[in-house]
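Inspection log for the structure reproduced underneath, given as structure tokens.
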Amino acid sequence: MSSKLAKYLVLSLFFISGGCIEEIVMDPGERAVVVECIIDNEDKLQTVHLSYSASVSDNDYPKVEEADVRMSFVLDTLYVDPENNVVIIDTSGSYEFVKTADGVWQAEFEPIEYAQYTLEVEVPGYGTITAETVFPP
């Protein structure tokens, strides 16, 4: 094949591939609420971070300005009393988180081993978001 023919083929491929460009929009269109919470037994201060999902063109994640954040827990404990009766102790409670900074809510408590925790986050316009976990030993 001559070098002149090879140049025409390369130019032809360049123009053909250049004509098939299609714009792909990566924006989701709607924002979602992103909830980040790790229960920590070392600090005794539990923190929930709330932001909105970002589009590709955003430089950061916009922070949630208004929300109600609470965490409840349940722990059922079985034991045998001195008269050999099985006793179930239901320990439960809840904590209200307070907004401490943009997108940050905190509550001070020490988690209980084996307790089941339920996080509930209510953001106006987004409904209630829930998550559950059991705190490990």
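Just so you know, these numbers come straight off a predicted model, no measurement behind them. Numbers here simply count residues along the sequence, with the first being 1.
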Run the numbers on T118 and F73 for side-chain contact (heavy atoms from CB on, under 4.5 Å), then give the verdict.
CA-CA 6 Å; T118 303; F73 69 93; over 6 Å; no
Please test E122 against R70 for side-chain contact (heavy atoms from CB on, under 4.5 Å), starting from the C-alpha separation and ending with a verdict.
CA-CA 9 Å; E122 290 183 37; R70 67 190 149 280; 2.4 Å; yes
Derivation of the side-chain contact (heavy atoms from CB on, under 4.5 Å) call for W105 and D68:
CA-CA 9 Å; W105 279 257; D68 290 323; over 6 Å; no
Is there a path of hydrophobic side-chain contacts, each under 4.5 Å between heavy atoms of I/L/V/M/F/W/Y residues, joining M71 to V74?
no
Do the side chains of Y117 and P111 get nearer than 4.5 Å, heavy atoms only?
yes
Of the options V121, V123, I129, which is the one that meets V69 in a side-chain contact (heavy atoms from CB on, under 4.5 Å)?
V121
Are V34 and L50 grouped together when hydrophobic residues (ILVMFWY) are joined by side-chain heavy atoms under 4.5 angstrom apart?
no
Say whether, by atom type as modelled, one donor and one acceptor occur between the side chain of E110 and the main chain of N41 under 3.5 angstrom.
no
Can you confirm whether the side chains of Q46 and E108 place a donor and an acceptor under 3.5 Å from each other?
no
Can you measure from OG1 (T91) to CD1 (I112) and round to the nearest 0.5 angstrom?
6.5 Å
Under 4.5 Å between side-chain heavy atoms, hopping through other hydrophobics if needed: is there a path connecting V48 to V104?
no
Same cluster or not: are Y114 and F135 linked, directly or through other Ile, Leu, Val, Met, Phe, Trp or Tyr residues, by side-chain heavy atoms under 4.5 angstrom apart?
yes
Would you kindly say whether T128 and E120 are connected by a side-chain donor-acceptor distance under 3.5 Å?
no
Run the side-chain contact (heavy atoms from CB on, under 4.5 Å) test on E65 and K99 for me, step by step, so that the C-alpha distance in whole Å, both residues' side-chain angles and the decisive distance to 0.1 Å come before the verdict.
CA-CA 9 Å; E65 295 292 326; K99 184 177 178 183; 3.6 Å; yes
Kindly check if the number of other-residue, nucleotide or ligand heavy atoms within 6.0 Å of CD (E96) is above 12?
yes
Looking at every non-hydrogen atom in both residues, tell me the closest pair between P62 and S53 and how far apart they are.
CD-O, 4.4 Å
Mutual orientation of the aromatic rings belonging to Y95 and F109 [parallel < 30°, tilted 30-60°, perpendicular > 60°]
parallel
Working note: Y126 + Y52, criterion ring pair (Phe, Tyr, Trp, His ring centres under 6.0 Å); need CA distance, chi angles, decisive distance, verdict.
CA-CA 11 Å; Y126 289 88; Y52 295 104; 5.5 Å; yes
